[in-house]
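As the structure is a computational prediction, the values presented were derived from the model and not from experiment.
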Amino acid sequence: VNGYKRTSVNGYKRTSVNGYKRTSVNGYKRTSVNGYKRTSVKFKILTHFRINALRIYALRIGVTMLIKLAFRNLWRHKRRTVITVSSIAVGLLVAFLFTGFGDAGYTKLINSAARLGSGHLVFENPLFREDADLENSLKGADRIIKVIKDIPEVTGYSKRVSGQAIISTSHGSVGVGFDAVLPDLDRKISLLAENISRGIYLNENEINGIIIGEKTAKKLKVDIGQKVVITAQNKNNRTVQQLAKVSGIFSTGSDFMDGFYFQMNLRQAREMLGLEENEVSQLGVYLSTYLDIDKVKKNIKASRILEKEPVVLLEWSDILQDLANYITVDYASNYIYQIIIFLVIGAGVLNTILMSVMERTHEFGILISLGMDTKKILSLVLIESFFIGILGIITGSVAGGLAVEYFKKNPLDLTELYGESITVSGFLFDPYMSADLYFNHYIVIIGMVFILVMLAGLYPAFKASRIKPVEALHLLT
C-alpha cells in the first residue's frame with residue numbers, strides 16, 4: 001500500500017518512485033526489538049565532544065591530582081609497597097644503631113682520653129710541639145685562664161709541666177713520662193683521681209707526694225708511703241734528683257698509663273726543675289663533651305687572646321694523633337657498611353617502582369595519546385618514589401630512635417667477650433656499649449636514604465615518560 005514494503009512491525013523499506021530508502025522513522029536501523037545502531041550526525045558530534053573532554057581532563061591534571069594518583073597507585077599492590085617501605089625502615093634502623101654505638105663509644109673514649117691526658121683543648125708555646133724542652137714553656141697562662149673561666153662550656157683547666165724522668169728504688173728503675181699538676185685543680189677533672197686503687201690522690205700540702213701506676217709499683221716493688229728517687233733534667237739541661245713519697249697507686253687499664261706514667265705536685269716540679277712561678281708546659285682546658293670544642297674555640301678566638309700571647313691552641317686530636325687516626329678509620333669502615341646497606345635499599349626501591357611502571361605501560365600510553373604532558377608522567381612516578389621514601393624514613397626513624405634510646409639506657413655488656421678492660425691506642429675503652437646518635441649524623445643518614453630513593457626512582461620515571469602510545473596500545477590488545 002502506498003509503495004512501501006513492510007519488513008518489521010514499525011519499519012518500512014521504501015520502494016517508491018521518489019527514491020528514498022527508509023530504514024526507520026527516526027534514522028535508526030533496528031537490530032533487535034529494543035536495540036538500534038545510531039548513524040546520525042548527532043552521535044558523531046557527541047562522541048567527538050567526549051574524546052575532547054578526556055583530552056582536556058588529561059591536559060588539566062594538576063599537582064594535587066598527581067599527588068592523589070601517586071598515593072593511590074602505591075596501594076594497588078599493598079604487599080609490595082609494605083615490603084619496600086619495611087626494607088628502608090630496617091636499613092635506617094641498622095644505620096642508626098651502627099652510628100649510635102660508634103658515637104656513644106667514641107665520645108666516652110675521647111672524653112676519658114682528654115681527662116687522662118692534657119685536655120680537650122691545649123694552650124702551649126708554638127715551639128713546644130717541635131721541641132718539648134723546658135725552655136719552650138708557656139708564660140701567659142694566668143691571662144688565658146681569665147678568658148676561659150667565663151666560657152660556660154669549660155668545666156675546668158689544668159696547669160701542668162710535662163717531661164721525662166727515671167724513677168728508681170733499690171729494686172730497679174723505670175723510665176717514665178710525668179705531669180706535674182696542681183692537685184686542687186686536677187682532682188675535680190682528672191680520671192686518675194677516680195682510679196686510685198690504693199692510697200690517696202695528690203695533696204696540695206704534701207709537696208713531695210707522687211702517684212704511680214699499678215704496673216710501675218710492681219716493677220719497683222714499692223707500696224704506699226715508701227720512697228722513690230726521681231731523676232730528670234732541669235731547665236738548664238742539668239741532671240737533678242728529688243726524693244719523693246708514693247701517696248697513691250692508680251689502675252686505669254691502660255698499659256702506658258699504669259706502667260710508664262706518674263704525676264707529681266707542680267710546686268715540687270718547679271723547685272726541682274728550676275722553673276719560674278708563671279712557667280708551665282701546657283694549659284689544658286676540659287669540657288663536658290668534646291662536641292663543644294668548636295663553640296669554645298670560637299669564643300677564645302673572639303677574645304683575641306691568641307693574638308696577644310705567643311701561644312697556639314690545639315685540639316685533643318692534635319695531641320693524641322694515634323687515637324684520632326684510629327677513630328677516623330673506624331668511622332670510615334662504618335660508612336662503607338652503611339653504603340652497602342643503602343645500595344641494597346636502592347635496588348629494592350628501583351625494582352618496586354620499575355615493576356609498577358611496567359604494569360601500567362598501557363595506562364601511560366593512553367594518557368600520552370590523549371595529550372598528557374610527558375613531564376607529568378615523569379612527575380607522577382617521582383612522587384610515588386617520594387612517598388615510598390617518606391614512609392620508609394618515618395617508619396625507620398621511629399624504630400631506630402626507639403632502638404637507640406633502649407641501648408642508651410641498657411648498654412650491651414661486652415665484658416664476657418673482652419674482659420673488664422679494652423684499650424684503644426693506649427686508652428681505656430668502655431666495655432659497656434651504649435648508643436647515642438648525634439643529631440648531625442641523624443640528618444646525614446636520613447638525607448642519604450632520601451636522595452638514594454629519589455635517584456632509584458629516576459630511571460623508572462624516565463622510562464615511563466618515554467613510552468610510545470602505539471606500542472602501549474598494542475600491549476593492551
- side chain to side chain donor-acceptor pair (under 3.5 Å) assessment of Ser434 paired with Lys108: CA-CA 10 Å; Ser434 61; Lys108 292 179 181 178; 3.2 Å; yes

- side chain to side chain donor-acceptor pair (under 3.5 Å) between Asn195 and Thr252, worked out: CA-CA 6 Å; Asn195 287 276; Thr252 63; over 6 Å; no

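Between Tyr335 and Tyr331, the ring-plane angle classifies as parallel under the 30° and 60° cut-offs. In this pair, Phe256 and Tyr261 present their aromatic rings tilted. The plane angle is within the 30 to 60° band.
Applying the ring-ring contact (aromatic ring centres under 6.0 Å, His included) rule to Phe96 yields the partners Tyr442; only residues at least two apart in sequence or on another chain are considered. In this view, Phe128 satisfies the ring-ring contact (aromatic ring centres under 6.0 Å, His included) rule with no residue, not counting sequence neighbours. By the side-chain contact (heavy atoms from CB on, under 4.5 Å) test, Val311 is found to be paired with Phe123, Leu138, Ile144, Leu306, Glu309, residues two or more places apart in sequence or in another chain being considered.
No more than 12 heavy atoms of other residues, nucleotides or ligands sit less than 6.0 Å from atom NZ of Lys221. Around CZ of Phe386, the count of heavy atoms belonging to other residues, nucleotides or ligands within 6.0 Å does not exceed 12. Other residues, nucleotides and ligands place more than 12 heavy atoms under 6.0 Å from the CZ atom of Phe450. Within 6.0 Å of NZ in Lys463 there are 12 or fewer heavy atoms belonging to other residues, nucleotides or ligands.
In this structure, Lys297 pairs ionically with Glu315, as a charged nitrogen and a carboxylate oxygen lie closer than 4.0 Å. The pair Glu279-Arg270 does not count as a salt bridge, with every side-chain nitrogen at least 4.0 angstrom from each carboxylate oxygen. Salt bridge annotation for Arg129-Asp318: absent, with no cationic side-chain nitrogen under 4.0 angstrom from a carboxylate oxygen.
In terms of modelled atom types and a separation under 3.5 Å, the side chain of Asn325 and the main chain of Gln321 share a donor-acceptor contact. Side chain of Ser317 to backbone of Ala324: no donor-acceptor contact under 3.5 angstrom is found. Remark: the backbone N or O of Ile189 is paired with a side-chain donor or acceptor of Arg115 at under 3.5 angstrom. Proximity of a side-chain donor or acceptor of Ser173 to a complementary backbone N or O of Ile166 within less than 3.5 Å is not detected. The main-chain N or O of Asp258 is found under 3.5 Å from a side-chain atom of Thr216 such that the two form a donor-acceptor pair. Counting only distance, with no hydrogens or angles, the side chain of Asn203 and the backbone of Asn205 share a donor-acceptor pair below 3.5 Å. Counting only distance, with no hydrogens or angles, the side chain of Ser87 and the backbone of Thr84 share a donor-acceptor pair below 3.5 Å.
Residues Gln338 and Met448 fail the side-chain proximity criterion, which asks for heavy atoms closer than 4.5 Å. The shortest distance between side-chain heavy atoms of Arg160 and Leu266 does not fall below 4.5 Å. In this structure, the side chains of Ser162 and Gln282 come closer than 4.5 Å at one or more pairs of heavy atoms. In this structure, Leu382 and Leu458 have side chains that are in contact, with non-hydrogen atoms separated by less than 4.5 Å.
Judged purely by distance below 3.5 Å, without hydrogens or angles, the side chains of Ser251 and Ser197 never pair a donor atom with an acceptor atom.
Atom CG of Leu275 sits about 9.5 Å away from atom CD of Glu135, to the nearest 0.5 Å.
Geometric assessment of Lys188 against the ring of Tyr286 yields a negative cation-pi assignment under the 6.0 Å and 45° thresholds.
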